[in-house]
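What you see below is based on every heavy atom in this structure, not just the backbone, and it leaves out hydrogens, waters and symmetry mates.
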Number of protein chains: 2
Amino acid sequence: MKMSTKGRYGVRAMVHLAVHYGQGPLPVRKIAEKMDVSAKYLDHLMTALRMAGLIRSIRKAHGGYILARSPKEIRLSEVVKVLEGSVAPVDCVDDAGACHQADFCTARDLWQRMQKAMNNVLESTTLDEMAQGQKMKWNNLI
Amino acid sequence: MKMSTKGRYGVRAMVHLAVHYGQGPLPVRKIAEKMDVSAKYLDHLMTALRMAGLIRSIRKAHGGYILARSPKEIRLSEVVKVLEGSVAPVDCVDDAGACHQADFCTARDLWQRMQKAMNNVLESTTLDEMAQGQKMKWNNLI
DNA sequence: AATTATTCCTATAGTTTTGGTAGAAAGCAG
DNA sequence: CTGCTTTCTACCAAAACTATAGGAATAATT
Ligand code: FES
Ligand code: FES
């Protein structure tokens, strides 16, 4: 039940963009530096986020990425979905055909309840909330 | 956020054992047959479940596996934990040292809420409930 | 027009995890 | 001692993950 670095890095990068929302574009290099991860790898994740319409790119010197919408209007469920795919713990939740005996399988009910529980958390959290929380943590340092 | 076949097969195998609880041991071969998966592979999972103390083996002709405790006393959280490890979506939830900046990371709060949500489902479900549900589905066929 | 900092595209590759297979040893009821 | 089962150890192929690399496109700035 682990999330890959795609989801982990991607969410954190989006929080960075949310924290700097309205302050111009943020280049991948800088985000990667702050996060202490490979910029070249983060590149790929940003591409996925861009193609999903969550961020926009400014391709030039001193360009970078900005959120496509206000942080208040981006739910974490969208971000995770782009990077990890559905949060279904097993495929038969989304597609009954994935398991042979799906119609008579109690386990499936359990997976469904798990998915619902996770989705509930992701759906009820916005990037703005996370950005606020992040700023809090930084302020407490002073 | 996918669960591997370990968790998927393992949970289903445990439900089988719960359904036949009190009716003597069930050999891996039969369980695998019912589930339509490789018996040799299921072997490994049963060994893990045995070593965790969830099932007991009877090693002889017409032997097999039985639940170590009543199905009412086995929560799904235990089963999943044995096979998938912690349900933490990322390692830093269980071990703050896993991420460099864990103390100042808002994402970690999100992962923690996700874990809690999942755990809540798994903790509040027993094997007995699943066995009852499974019997229901079968009865409805008639 | 050249410079420059950036995204964007495509390809490659090492490592780990997954999902199995194989074979033989050990236990024990009958 | 035979037959059915678990148990142990080892191995393996394919997929997924986690990158890395090199260069082309873009457009503001000089
Ligand atoms: S239907 Fe997919 S695990 Fe049972
Ligand atoms: S602390 Fe692990 S993702 Fe932030």
Interatomic distance, B/Asp91 CG vs D/dT18 P [rounded to whole Å]: 11 Å
Members of residues 3-15 of chain A that approach DNA chain C, where some heavy atom sits under 4.0 Å away: none
Non-neighbouring partners of A/Glu123 that pass side chain to side chain donor-acceptor pair (under 3.5 Å), sequence neighbours left out: A/Ser77
B/Glu129: partners by side chain to side chain donor-acceptor pair (under 3.5 Å), with sequence neighbours left out: none
Residues which pass salt bridge (Lys or Arg N to Asp or Glu O under 4.0 Å) with A/Lys116, listed by chain and number, not counting sequence neighbours: none
Integer-rounded Å distance: D/dC4 C1' and B/His62 NE2: 7 Å
Output a table of donor-acceptor pairs, distance under 3.5 Å, between side-chain atoms of residues 25-33 of chain A and any protein atom two or more places apart or on a different chain; print 'none' if there are none.
none

Boundaries of the chain B footprint along DNA chain C (any atom under 4.0 Å from a heavy atom): C/dT18 to C/dA29
By salt bridge (Lys or Arg N to Asp or Glu O under 4.0 Å) - contacts of A/Asp95 (at least two apart): none
B/Lys34, NZ: over 12 other non-hydrogen atoms inside 6.0 angstrom: no
Selection residues 102-112 of chain A - residue pairs positive for salt bridge (Lys or Arg N to Asp or Glu O under 4.0 Å), sequence neighbours left out: A/Asp109-B/Lys137
Nucleotide-resolved protein contact map, nucleotides 6-16 of chain D, B/S/- at heavy-atom distance under 4.0 Å: BBSBB------
Donor-acceptor contacts under 3.5 Å from residues 46-63 of chain B side chains, at least two apart:
unit_1  : atom_1 : unit_2  : atom_2 : d
B/Thr47 : OG1    : B/Asp43 : O      : 3.1

Enumerate donor-acceptor pairs with a distance under 3.5 Å from any side-chain N or O in residues 2-17 of chain A to protein atoms, sequence neighbours excluded.
unit_1  : atom_1 : unit_2   : atom_2 : d
A/Lys2  : NZ     : B/Ser86  : O      : 3.4
A/Lys2  : NZ     : B/Ala88  : O      : 3.0
A/Ser4  : OG     : A/Lys6   : N      : 3.3
A/Ser4  : OG     : A/Glu84  : OE2    : 2.7
A/Thr5  : OG1    : A/Tyr41  : OH     : 3.1
A/Arg12 : NH2    : B/Gln101 : OE1    : 2.5

Residues forming a salt bridge (Lys or Arg N to Asp or Glu O under 4.0 Å) with A/Glu78, sequence neighbours excluded: A/Arg69
